[in-house]
Amino acid sequence: MISSETGSVLVLGGARSGKSTFAEALVTASGLAMHYVATGRAWDGEMTSRIAEHRDRRGGEWQTLEEPLALVDGLKSIDTPDRVILVDCLTLWVTNLMMEERDMAAEFAQLAGHMLTARAKLIFVSNEVGLGIVPDNRMARDFRDHAGRLHQIVAAKAAEVYFIAAGLPLKMKG
Amino acid sequence: MISSETGSVLVLGGARSGKSTFAEALVTASGLAMHYVATGRAWDGEMTSRIAEHRDRRGGEWQTLEEPLALVDGLKSIDTPDRVILVDCLTLWVTNLMMEERDMAAEFAQLAGHMLTARAKLIFVSNEVGLGIVPDNRMARDFRDHAGRLHQIVAAKAAEVYFIAAGLPLKMKG
Amino acid sequence: MISSETGSVLVLGGARSGKSTFAEALVTASGLAMHYVATGRAWDGEMTSRIAEHRDRRGGEWQTLEEPLALVDGLKSIDTPDRVILVDCLTLWVTNLMMEERDMAAEFAQLAGHMLTARAKLIFVSNEVGLGIVPDNRMARDFRDHAGRLHQIVAAKAAEVYFIAAGLPLKMKG
């Protein structure tokens, strides 16, 4: 079973757009063994409570893997065709990579390469962050550049791409 | 006449996207008695001139009600099936509720409840604010979280949802 | 040959959404002589490298014209039906006009007027900047108001309008 059959999905949306809920519904509907790859780190109380809220909503049937940096290694470690893996979210992964001063292009290429051969069904959630005013500080501009490039790369390899607003999906590909 | 017949509408869009103009065209086309519920407060000269600009565009056939906080009470006071009510906009209502430290979830639930039984046709305008970089300050983050949650709630109850960009509508529901 | 036949196009999208790449593909597919009107000024190293990156991607078959302010004069100087002109981007033009304290409404009306009679095929690229939190400072708010108004004006005259996210086009008009 190759990627063109299993079909990776990118779910893109704004803050509190309902993108995680939509992605979780895709996972549940797949009938496959459900895995959750969390890229977020609990930096502070705010992030801790967001992570807990997501965990509570998903319930106990999910297997959770925390991979703030080694996302592709994490995906490879559970890459079997009976699994669906929800990655939530790509923008937090970008943040973590930037903080560690990783080679972004190399990391993105590695993910794109994995998407081509993945046997598990992959569902990526990410925040669209490029539709506001240009940020004042360079790091924020770099962040949205990296996020935008990654979204293009993942969307190009994905079988389906959705843009979510107000909890409603708009199918952009597939 | 119940909500499923009259059909509430959510018109979502960015700043200067043409969302109010689009919503006003829906109101005019309805043939119903036209009511405008303004949630904005004239804090400063900039807001005063925005309000005046909207008022001038609408013309004299509209009845205007100012409800910065008691939105649902205002809607109930004119809830008859011969009326169309344009609420402009939900994000300003969220701002006002936050400033008064109201229970946001309770307020949103009250609006959702009213949408289920409303006899007037309701058209809500709101700003999508969640598609830029994560704001530095906590209040701005809370604001966009509240706005995002409210959009999901209203969209779920609405018969039609439009996303407006460059003055053009994209139908997301209905 | 009039505008309704040649058909102007507006390509709107966020930062690093792939909008320039999409617009360049439209240009190449047209089979017309390819012209690039750059509105950006190389203020700093960051902007210089962005401009160079765009230039390298386009290759040597393009004629380039730099018009940070006199956009319409530039368009008129090469307005023949055998040409396709890519304007990248409208938001930088807005920035330059604001810095020179030009009459924005008059400038926008002049562009709209030219679109009605243009003989060359015009393809405009622009950044959607109105979908984030309201900016703190007045100049940024004015900027997104001007950009939003210009997008509405150009979209109304364009034959086709696309919204780009993650490199994928969503047709909003045409």
How about the chain A/chain C donor-acceptor pairs under 3.5 Å, what are they, with distances?
unit_1: G130(A); atom_1: O; unit_2: A15(C); atom_2: N; d: 2.9
unit_1: L131(A); atom_1: O; unit_2: G130(C); atom_2: N; d: 3.4
unit_1: L131(A); atom_1: O; unit_2: L131(C); atom_2: N; d: 2.9
unit_1: I133(A); atom_1: N; unit_2: V129(C); atom_2: O; d: 3.4
unit_1: R141(A); atom_1: NE; unit_2: E46(C); atom_2: OE2; d: 3.0
unit_1: R141(A); atom_1: NH2; unit_2: E46(C); atom_2: OE1; d: 2.9
unit_1: D145(A); atom_1: OD1; unit_2: R50(C); atom_2: NH2; d: 3.4
unit_1: D145(A); atom_1: OD2; unit_2: R50(C); atom_2: NH2; d: 2.5
unit_1: Q152(A); atom_1: NE2; unit_2: R16(C); atom_2: O; d: 2.9

- Message: Would you compute the distance between atom CG of L170(C) and atom CZ of F163(A) and round it to the nearest 0.5 angstrom?
- Response: 9.0 Å
- Query: Who wins among G14(C), P135(C), A165(C), A166(C) for the most heavy-atom pairs under 4.5 Å with chain A?
  - Reply: A166(C)
- Hey, which of G148(A), A158(A), G132(A) has the most heavy atom pairs under 4.5 Å with chain C? G132(A)
- Task: Give, as side chain, backbone, both or neither, the part of I133(A) having an atom under 4.5 angstrom from any heavy atom of chain C.
- Result: both
- Which atoms form the tightest heavy-atom contact between L131(A) and G13(C), and what is the distance? CD2-C, 4.0 Å
